Each structure stands twice: as structure tokens, then as C-alpha cells.
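Notes to accompany the following structure.
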Amino acid sequence: MKRYSMFAVAREAMRYHAGWERAWRSPEPKKRYKVIVVGAGGHGLATAYYLGKVHGITDVAVIEKGWLGGGNTGRNTTIIRSNYLQDPSAAIYEKARSLYEGLSQDLNYNVMFSPRGLLMLGQTEHEVRGYQRTVHANRLQGIATEWIGPERVKELVPILNIDGPRYPVLGALYQARGGTARHDAVAWGYARACSNMGMDIIQQCEVTGISQNAGKVTGITTSKGEIGCENLAIVVAGHSSVMAEMGGFRLPIESVALQAWVSEPIKPCMDVVVMANTVHGYMSQSDKGEMVIGGGTDGFNNYTQRGSWHHVEETTRALVETFPIISRLKMLRQWGGIVDMTGDRSPILSKTPVEGIFVNCGWGTGGFKAIPGSGFAMAELIARGHSPLAAEFNLDRFKEGRFIDESVAAGVAH
Amino acid sequence: MSNAVSALQGATYQGFVTVSEAGLIGMISIRGDLTSKPLLKALKTQGLSAPAPRQIVTSNDLTLAWMSPDELLLICDHSAAAQRAQTLTEALEKNHALVCNVSDARALFRITGSKADQVIMKLSPADIARLPMGEMRRTRLAQVAAAVWRSAPDEISLICFRSVATYVQGLLETSARPGSELFEAAPSSS
Amino acid sequence: MSTRLSKGGRLIDRAKRLNFTFNGKPMQGYEGDTLASALLGAGQVMVGRSFKYHRPRGIIASGVEEPNALVGLGRNARFEPDQRTTTTELFEGAETRSQNHWPSLEYDIGEINDSFYKFLPAGFYYKTFMAPQAAWKHLFEPIIRKSAGLGAVPKEADPDRYEQAYAHCDVLVVGGGVAGLAAALREGRAGKRVWLIEQSAHWGGRTPVDGGQIDGFEACDWIKATLQELETMENVTLRTRLMAAGQHDHGYVIGLESVGDTRPGADIPRHRLWRIRAGRTITATGAIERPLAFAGNDVPGVMLASAVRDYVVNWAVSPGDRTVIVTNNDDAYRTALALLDAGLSVPAIVDAREATHGALPQEVKARGVRVLEGRGVARVLGRKQVKGVEICAQAGEGGAIETIECDCVAMSGGWSPVVHLWSHCGGKLIWDAAQAMFRPDPARPPLGADGTAMVQVVGAANGDLSLAAAMGSAGLGACSSDEAPMMPVWQMPAGAPPALRFKSFLDFQNDVKVSDVQLAAREGYESVEHTKRYTTLGMATDQGKLSNINGLAVLSDALGQPIPATGTTTFRPPYTPISLGAIAGEAKGALFQPLRRTPVQSWHEAQNAHWEPVGQWRRPYCYPQTGESHREAVNREITNTRANVGLLDASTLGKIVVKGPDAGRFLDMLYTNMMSTLPVGKCRYGLMCNENGFLMDDGVVARLSEDSWLCHTTSGGADHIHGWMEDWLQCEWWDWKVYTANLTEQFAQIAVVGPKARQLLEKLGGMDVSKETLPFMQWLEGSLGGFDARICRISFSGELSYEIAVPASQGLALWKKLVTEGKDLGVMPYGTEALHVMRAEKGFIMIGDETDGTVIPQDLGLNWAISKKKTDYLGKRAQQRPHMTDPNRWKLVGLETLDGSVIPDGSHAPADGYNANGQRNTQGRVTSTYYSPTIGKGIAMGLVLNGPDRMGEVIEFTGEGEAMIKARITDPVFFDKDGEKQNV
Amino acid sequence: MLTLTCPCCGVTAEETEFAPGGEAHPKRFGPDSSDADFEGYLFARANPKGVHFERWRHAYGCGKWFLAARCTATLEVFGTYPAQTTAPPADVIKKIKTKRPEWEGYK
């Protein structure tokens, strides 16, 4: 693999960039792999990457129905944070966040991780207490967050109206090393690195069945034929239930639409990510200058990647009230994705009733930020049969009533 | 009760239509089997008959609205509501029914003028143009629940919860501001 | 240079001159102008800088597809960035500024990027800026962010008003061109309820410029007659300046109407967002002309051929004295005719096709224009303004055959139907090879609620580009078109070398060139979505209206596959950008969210209460007196209530009546304890859990009669609990005879609390509220001081306490009377914080503090409120699960700091060691923590591992920053453990 | 943005006047049930990409709960019916079968 660098770009410039090689190969599937990962989104590719990098397992195929990174990886608002309340969540999201810090160098692909800081506004006494609880929890979890007062909030976000007539800003939960990254680049960077390790990324290949023998997985049927495997990882946010059905089991999952939208670009005016959960909206500014906006999910099952318009209105009015200057900006584009929501709104990284099948799903609205940590934990679970990061996120928790409920501290999670 | 006041005490706004809170109004919620004889009889003693689904009927000074398959709303004088509710409760004592005086839980507004429909068009997803006289539509008005019906030619009546009366008045005033008419004349319902 | 012609201009009114400025320079236009036509008319060719290379850019188009000519419009609070000049109507006093340059449009430092264009190909930033690690955030990203962005940032809150409206129709026709007019006419005559909407201020679409015959009439006459007939139809609504932004599921269309854009400051809404529910949408949205990709196709003065004739015919604007037309189709010859008719010069038509036999070329040739067949443009000369073009063989590599001087280039690469509304909800497209375009596939339409097609397409939007074909698809009788076939041209010349491809622009605003798309393909970004994201093709503010088809054709060529195999990117709403203000609508300021008001709210406001939002209510947190801090006010309120008497507005508490033969049985299922055995006249505290076993709500239940109960809920919980009850009654136990009514708002409820509470009530008179007649946990109805009251003797503070419910209409009067009558007794109102502290002093739990959706009653020492006798209640099964019966659950205790300080909110108690993920182990957390003025020190409640078994033990809690605080585990009841105060 | 017809009051209204309530026909399991049954009752969801039966409440209207048969892939609504039933009515099943012959049926 040719390394990317400023010098490489300069060298190529002399010959009109005719010498660049493919970022990843486009192979035909082999007969059999040690591990097949279904789903070439961020989570699936990261799982494959850490299987190779940490555990030396490179006989891996990543199977993708459409194009890599084309699901929720390429549809989210790219927020990265780890200021979670519950220990298991904090552990995996912080693992992810810390891996993001060096990911560009690790992958030799600039994923533009931008630890620009993230604020969660406290706008009711109750919310303030919830975030203070998070700050104390984070302290013991080794995560750097702090509670800051309204003046500091205003300093960090001059365009914020902290004296809103309805919900004045009472302060914020601040994670200075939270931020954003370039979502497509995360998928592309992992794909390039996986391909470089000799793994096969097979796009435009739909899985139509899962083969088992005596309760153990043996392979999959795809639009490109039968492919055998020892282990199968299902990492297909949105379509997890459909894949589980092929495996003969059910998941505590419902698929719903989540929307996001961007304004037309303007010059930089907001350096941090702001989440306002009392009014249900969050916003950051992309490097291109667009204000990137998201809100809550639809409440009904939906596989169309189209959400309901009224959520766009609810979130927009929340943000116009919070950031009055955006009123005269224009919405440029809105889109939707399908997110899978679990019974406690926390993810599932787990073995399944079928030996050799592992499932990684249920990230709901917050999957992007977890990608490196999720892939790291999933790889460990597959390679070693156990991962401390994944342990609490197993399927058994629903039977036992052992919820990992993040909503106790904040309204919406992203 | 001389101490009694309505939510907005008759606040009025003159825009391209007139919006006013109607002051104290009596309202009684009646839940029960709307086809049962005792209930029909109890209504009859008040000079009323059960309306068909979604209908709202007025006779003498009483208005009776169908709210749901097991609920009616009787609109009457505020001063008489408590007594009427008591009478109905007693009449239905031996039956499974629930009669409640809800006069003070609600606010009533009247929107008057030839463009009254346009105010509702700005706030409710209901197809107001196709709402006939004699029918009540329970719907959403911006962010709160409301019920609307045509109480007279060029007049729409609207009920909402008392606690949000100020919000609803604000919505109606904003929507009725001169210069923001949607049409010169009402759009056709055909 | 462009200029205003002395004659013509069908849309402008020369009698009405309008003044405006561009970068501070005064200019004039006419009513009917767009900003773009006015700028051109005033001779302003260069109007902006591109996003990446900061190249000089001019106006390319005359409609919504314009990528370059965006300006900042207005000033101060009414400043709006990224305003598209081609669709903005000119108004008197308009202030406009060009964007994306420093220090000025003419001299832009950022232009240096253009010199380094070779070093800045698509995606260069993915390959660079990686070392050192911290440099991205601190060095590279800030530079990139500053040089990107586009418009300036508005600085002030928007003073304008926006509104929304709903419309309903059988048929929504989008587009007021001839196809749309014809469709509306047909549907209108058929008696349908029709809405016909047009995004611009004018009817007729392109036809008035392009001309032609319809049904034997001159097109303009036909348009006029059709409009007249439509206007007479009662069932047809016509509306201009209303753009259909998005087609959503089940026939829902979002439209944006420009109402007050040209009258800033007028007391009318600026925009109106329409939500149109249509049985069917007919989209007659026309087509958009495609540019041609040749080197320098972005130099100011290069325009779409259709735009050139629009400016000439509609606004009497000459884009240049000498216009070279570059085309691959017959339609562009209309531009030559328009220019010639206006007395302007057309030095040559460069046609990529080898031969031109159509009627239009013949007509143009007959008027003496040179037509160069099989030719292309090798490159455009000039930088800030076109100076000429080098002509080459289209089939060759760009060797110049001749140079033609000109100041305008009109290009046409064919047309792309506007299929956005068809595609938004999943309508599929097919490739039309003859016209080189994607058009709607009638076999795969978007489906509505009933599973049938909800969108139809007519006219050019359907690929019926010529007037004749359009009228055919609109049902007005087709006739054959006499235009010769176009020839797809994706790069001009076909064999252009890298040097030309690096200057052949596809996406003008984002500076994406042919070479960028080819690079993406080479690097494996093969999916059209990959290419788009890697190169940013089609991601500018025009959303690829000009660039998408050209880009994917180049991509297909690079991949060696047919265009349909490449496919298109997904069309997403909105069609053109819509203001966030309009999306927010009226919901700002006081109307942002409903604010629920209790009957006593106005009194609290008059006292300058400090507020606490509770759901949509806003309750007094405390009532600070002059010079008092909030904390001092709270302490005073508590002390006074415990010493004298306090008043609390408890109207927000939920009050739900449950009645019927099965009501007792029903409540026994809902509450963890028994409610069926509660005697009439008595009250009982109850807990409700959800089916996961978690404590959800609590409150006092009063039994009103043999078959009716009054259930009090928390303030935030009333609607939810009422809905919860109805859910079970309607969907699970529908054969049970129970009715419920949510009477929360029917009553004002006032808590009269404190040792002198009884005295105060006795002053009002009318009811015997003595200990004997009204003991603790009982209720009574009667006339209290002339008010129709129901009094519950319940206490959340540990004091002698009466909660008085009166009809809401009397609530304010009662409150005022209590205040007046209580003066001598030292009555004072108290707010929610005093309420919270007092209940904590008594060890009472608060839903939302001690509970958080993961706590079960057993954790809170509330086993006494869980019936052992009942075989079932909601949540019981869940509470049998292993995690719920785990002896190591954290349980409620009181906490007393050793130094008397207040433990911070949310504090945690660490335990020894670390878990497998390196996190510090924990053994508890604080759930409520306050300074207690009654006890004179900090008190808290918390959930602690095996807490009730560790009374007296001292453990550490996290303090502010790095500090730790020592606290002793105690009983949670800090005050009056035996209840002597409340039972008097 | 869906439209639904409430079978209880007959009003056809848009999604915002209703509140969604998850999968239809849940079978409640109480204190005597097995772990698996109880877990299934609380958490296992059909979540098909296709025909789905679900609960809705006419929250801004008559307040009644009702059930709907709807396709989660196309959003087509096959029918709505009152909540007081443990399985979809025959006419709704028949309508779906007619429109979707490949549908494998309820449960």
C-alpha cells in the first residue's frame, strides 16, 4: 500500500495524480473464511480491522449488500463523545473516543477527528442534576468531563441564546475532548486498512440465508454464491432483525427512522458540538460550514430511510429558539437512516443462540461515536469468546432485567 | 360562585377575524354506553338525545357533542353545570357511567368572521374546509389538543384545556394578524 | 460585458426603477427583475468566488439551479447569507454582497488556492494533514474551516415572522408551465379539488421565451386563456411564489411560499410553509439544462444557453455583445435567434455534432450565423470575464483550430428532467439514451397510503422536452417534434488531456472537475455515492442540479460501464433550500412551546417568582423577596412553613377519577398496594410500576365512593398515567367496567401547610377541619369560606397539612383569600425547592430524584407499600427476575456529612479497586441532597450497596473537583421521625 | 408522514394526531409465567421488513387505541381495526393476502 502523505500528494501532482492505486480491492468471494462479517459499515469494518490488527486474524471477508459505509455510517451527524453515565457505556464509548484520537495515524487516512469539545445544555433543574450525576460518574470512570456555568457556555458558544425566555441555560456538561469526525473517511480508512491486510471487502453482495449444522453456523448464502465460515458476525444496523430471522432467532429490536439535515454553508461560527436535550435538538458546524442538525426518532417501525416531517419541525424550532441567528439560514438537505432500538436503548454485542454467530446491533441513534470501540470489543469477543468491554451488553440482560439505561440522565442520546 | 373566573376572562383580539375567549362556560363529560336506555333516558330528561358519531347538536341552550364511542360532552351555562352534573350522576347511579363537571378544565374560544377557516388552516392539520355544520372535529392546534366546530355561519368555536388557554389565544392572535390572510376568499371545499 | 437593452423585456416594468447596491456600489434595476438580471443589466458579470479554489465566478443560470451567483442579502438582523440571485426578486433598497473572498471580490487572497490546484485534487485532505496528531485540530482544521464556508454569519436574532398552513386537495399540480397548466385544467374540469403551484412569480414556464403553438394558438395566448378559465373554477386554487420542497409519504408535500421577501420590515410573514396533503401529485416541474464540460467553462460570461435567452427575452439584458454558442442539440439554436432578434452578435455556433439538419439550425444558418459542426471548445480565454474561445475538433485532443473573440459563451449539453418530487419517496428512474437523461419510470412510481402511485409526471419533467411532446404527456394532443437528436457530450473535446480535464468543471460551486471524478474512479470509489462524497460533487447549495448527470456520465466512462449501471445519487428534500425560520413557523418566543398555567399563575408572576419548568408547567421554585438570594428565599420559606403556615400551589398534581364496578380490581393491578380495600373517605399513598418493575409514579389515592377513587399523580405524570390507565383498559382488560376521567385541570389545588394551617382554615370557616372530623389521611367535602372544596389531609412535608381542591375558576380567589386571612398567622407561599427540601427532611422519596427509571420500590425501602397478598400487579413479574432480587442492589439510606457540608448533586461513592475496564468500582450514589435549614446542615438521601445494613458506617463521596466528602449512613428520616407534627 | 383512519371515530387524520404504541396483539405474561415467556412479552419484537401489525392511539382525537396493519417497507396501510381483539380480523388478513400473495400470514 502506498502511504498517504503530503509528499505523496505533491509527487502525484506532477503527473496529474495518475499514479494513485485503489484504496481497497474489489475481489470475488473465496469459498471459505475464518470469519465473515456481514455489513461493511463502520462497525463491521472496524470489527474486521481489529481482528487483524489485534488478534492476527486476517482470513476475513466483509460482506456488504450495497456500498461500503452506505448505511448509518454515512448518514449520521458524526458526533463523538463518551460522557455516558453507566459504567459499561462509558467504558466502550471512551475506548472508542480514545481510539479516534489516533485513528488517522493508525489508518494512515485522515478521518478528521476533531476534538473540538461537546456541550450538553442543562435547561431544567432536573436536567442539571442528571448531568452533575454524569460528571461524578465520569470522574470515577476516568473520563474527563466537567460541569460549567452559563457564562462559560456563552464563551464557548457565542451564538447560543443562554437567556431564552422558556428554558434559560443553567450550565452544561462539557467534554472538552468530545467532537466530530468525517464519517465517510472512517469507513474508507478502515476499508483501506482491512484490504491492505488481505481481507476481502465484497460489496453489492446480499446475504439471503445462514447455514447451520447442529446449532453451529457453517456459512452464508449470498447473491454471489455460498460462502463458508467458522464465525459469523452480524453487524447490520437497521436490518438486524431481518438477519436474525435468517439465523432463526429474534432480537429485542425495533427499526425506526432517524433524520438529520444540514443548512447551507456559512463561515465558522460554532466551534463546539451542542446538544440541547430538553428541547430535543443538537447541532454542530461541519468543516464545510454547514450547520449539521439532528433530533429524535420516529416512534413507529420503518425501513424506508425516510422519517416523518414533523420531527424536522420540532427540532428546527428547538434550535432556532436556542440559536436565534440560524433562523435565516436555509435547510439544504434532509435525509434519514434506519436505526435499531433495543429494549433499554443500549447496544447489543453478544453471542447468540447459534454457536459461532455474534451480533452487534442496537446502537440506536448513537452508533457512529462507538465505531472503534465497538469494533475493538467485537473482535475480542469473536477471537477470544469474551470481551470485558462487551460483557455487559449481552443478550441475557433482558431476561435478567439488567438494564443499561442511559436515558436516566439525558433525554436523547447521540 | 362570584369568585369564579374563566381562564382569560373574555380576552378579545381583532385581526382579520375576531378571536375571543368566551368566558365561563359549563361543560359536563359523560362517559357510558351511549346506546344504553338509562343513559338515553337521563339525556332525555334534560331535553337531549345522543348525537351520532362526531356530531354536535344544539337544542334550546344546551349543546351536546359526541367525543368518542363512550363519551359525550354537554355544554351549558357555567352556573348550572354543577347541578346538572349532579342530576345526571344521580339519574345514572345504578348504571356504569361517569359524569364529571369539567367546566373549569377547559376554555372556549370563538373565531368570528368570513375568514375564520384560515386561522384554523394555519394551526390544525384537519381539513377544515370540509368540516360541515353539526360536526365536531377533535384535532391538534399547533402543539395542543383542541376541538372545533361551526357554531354559526362565519363562526368557529374551539375548546382547549384551560392551562393552555393563553398559548391558544397567542396562536389565534398570531394567525389572525391583518396582512397574513391566506386567501382573498375562502377556498372551496369541493 | 453585460448590459441592459433599450427595448423589450417581457417581465420588467421600465416605469418602475428600483435602487439596490452590490458590494456597496449603487445600481439600478426595474420592477420584475431578479437580482441576477439586475446585476447583469448593471454590467456586473463577476459576482462571486468558488468554494475551494476561489476562482472568479459569474451568473450561469436563470433559475433555481444557479451554483455561483449567491450573495449576502440585507443587513444587521435581516442579513441572509447564500441568497440565490437568479430566483430573488429585486426590491427597492436591496443590499447585496458577494461571498467567499477576502479582502474583496476583485482581489482575493484565497485565489492562491487556484495556483496550487494540482496539489488540491479531490480528497487531498484524506491523504494529508495527519502529522503531528494535534495539528489537525489546532492548525489544519481551523484553516480549512476559515477558507471553506460560504456566506457570512448572521449576527442577530431574526426579527421576521414566519407562519405555516395546511392545505388539502385531491390533486396538487406542481409547476405552472404549460404542462402544469394543462394538467390543472384537465383535473379542474373533472371537478377535482386542485391546487396549482408555481415557484416563480410567473405562469407559463419556459414557453413564453421559447415560443410555439398549443392547440392552434400562440403559446402565450393559450397560457392566458387557460389561466382565465382556471381562475373561474371554484375548485381550483392557483398560487405563485410557492415552491414544492419535498414530496413525503402518504401524499404530504412541503411547500415554501415567499410572502414578504421583497418587503423587508413590513408587518407580514416573510415565509409561509405549506403542508399540503394531496391525494395525488402531478409534477410538471420541467427540466434543467446541463452545462458542457470544457476547460474554463466556469469563467464569468459562460452561461447556459437557455439562461442567455431568458435574460434577453424576459429582462432585456444582454449577457454580452458577442456570444458564441456551444451545443450538442438543436434547442440551443433558439438562443441564437433570441440574440439576433435583440440585435446582438453571434460569431459562431460550435456544435459537437457532425451534421445539423434540424429546422432550428437551418433557420439560424439562414440568418448568416457560422455553424461549426463536429467542433468543440478547447478552452475559454479570460479569467474574470470571457475574452474568447479556442475552437477544436470535438473528436480530438484539444488542438486549437481557431480562436474566436467573444464576451459570452452560451452552452447547452442537453436537458435533465426535474424528477425530485418523483424520487423523494422512492419513484425510480430509467435511462433515456436518445436524450441522454434519466426520466421517471412509470412502472415504478412512489406509492401512497393505499399502495398505488401517488405521483404522476407530465411535460419536460417526464422527459417530454419539446413543447409538442410536453403537451402530449399533458393530454393536449401531441404533434411530432422537428428537433434533430442531440449527441451526448460529457467532455469537450472527447480526448481532452489532463491539463484540460483539470479545468473542466462539473460542480461549479464546489470546484469539482472531470479529473476529480476520474481520480475517484481510479481509487476505487466506484459507487456513485462514494464518488459524490469523495469529490463533493453535487453537494453544493444547488445539490447537483447542474452537475449530477455530467458527473455520473464521466464516472461511468471512467469505470467503463453504461450510465444506468452507475445510477444516480438519492434525491432528498428540499428541492431548493428553505429557511429554518419557516420550518420553525410561529413557534418562537411565547409560542415556542405551550406553557401550562395554573389558575394561580398570575399571582406567582406578580410576586416575581423564580421559576422551575416541570413538564410544560412552570412552577415557582421560590419567591425571593427584595435583596434575597434564591437559597435564602428557600430557607425562609421552609422555616416559615415549619413555624407558621405556608401555601403551595399544587394545582399541577394529577387528579384522575377512576369509577366503575371493576375500578377497585383495576387499581389493584395498577398500584403495588391494595386500593380496593381503602375505605370510603380515606386516603392511601400508592406506587405504580411499569411492566419492567421500575417505579414510575406515586401519589395519594382517595376513595370517593363505593365505586370511585381519585388518584393523585406527580405533576409531570398526569397525562402519562391517564394514558397508561386507558391503555390497559382499552387494550388488555377491555371487558372490565371502568371509566376514567382526567380532572387535573378542573381543580386548583392549594396545600396549606404548617402548625398554623388549621387556624387558617378555621378563619375561613364553613368546614370542621379538626383532628377528630378530619384526621390524617382522610378527606372531606364542603364549603370552605364560601368555596366548593374537597380537602385531603395529607402531608408531603411532615407538617400539619391540608390540600384543598376547588374548581379552577375559583382557585385564584381562594389563594388570595388564604393570603389575606393568613397574614396574622405569618402565611407565606413556598415553592418547589422548599417542597423538595422538606420532603427530604422527612425521608420521602421524589419520583425523578430517588427514581430514574431503573429503581424498583424495593430499593427504596417501600416494601410496606407492596402488597404481599396480591397475585399480580403491573411490574410484579419483572420484580421476580434475578437482577431485581439480587441482594446486592443499592438501597435507600440517609446520609449525613461529617462536616455538615452539602454533598454535591449526583455524587458517587467509590468502592475499593477497579473493574475489568479500569473504572473505579462504586458502592452508591446520592439521589437527593440539600442544605436543611431545619436541621442546620447538609442532608442527603442515596442508594448504597447493602445500605440499610450499614447504618452508622462512614463512606466517602465525590465532592467538587477532586475533593472527597465523608458521610455517615443514617436513617433517611431526618426530622420528626415519629410524625408528631403531622398528626396533630 | 402517515395518514391513518381511526376505526373508533371514523376520522382520517395525519400521523401527528396519533401516538404510536409498538407491536400489536402483545400477550401479557404475569407472575406465573416462565422467564422465556416473560422476556418475549417485554422485548421480543417481530420487527419485519414488510407487513406489520401495530398499536396506535388517536391521541389528539377520540383518545381510543386501535390497531393497524401496515407495510414497514412501503408504508402502505392495509387497514385499521379496534384494539379489542387478540388477532387481526379476517377481512384485514384477506386484504393483505390479496395485495401481497407472498406474505406468510399472521404470526
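None of these values were measured; they are calculated from a predicted model. We name chains A, B, ... by the order of the sequence lines, and we start the count at 1 in each one.
Using non-hydrogen atoms only and a strict 4.5 Å limit, the part of residues 22-29 of chain D facing chain A consists of Gly22(D), Glu23(D).
The environment of NZ in Lys216(A) is crowded: more than 12 heavy-atom neighbours from other residues, nucleotides or ligands sit within 6.0 Å.
Under the 4.5 Å side-chain criterion, counting only non-hydrogen atoms from C-beta, Phe43(D) is not in contact with Asp344(A).
Here His310(A) pairs with Ser308(A), Glu314(A), Met1(D), Glu15(D), Thr16(D) under the side-chain contact (heavy atoms from CB on, under 4.5 Å) rule; sequence neighbours left out.
With chain A as the partner, the residue from His52(D), Glu14(D), Arg45(D) showing the most heavy-atom pairs under 4.5 Å is Arg45(D). Ranking Gly401(A), Gly307(A), Ser255(A) against chain D, the residue ahead of the rest is Ser255(A), based on heavy-atom pairs under 4.5 Å.
With a threshold of 4.5 angstrom between heavy atoms, Ala19(D) does not approach chain A through any atom at all. Proximity to chain D (any heavy atom under 4.5 Å) is restricted, for Leu251(A), to the backbone atoms N, CA, C and O. Contact annotation for Arg70(D): only side-chain heavy atoms (C-beta onward) come within less than 4.5 Å of a heavy atom of chain A.
How far CG of Leu2(D) is from CG of Asn302(A): 7.5 Å, rounded to the nearest 0.5 Å. Taken from SG in Cys71(D) to CG in Asn301(A), the straight-line distance is 11.5 Å, to the nearest 0.5 Å.
Between Phe300(A) and Pro20(D), the closest heavy-atom pair is CB-CB, 4.1 Å.
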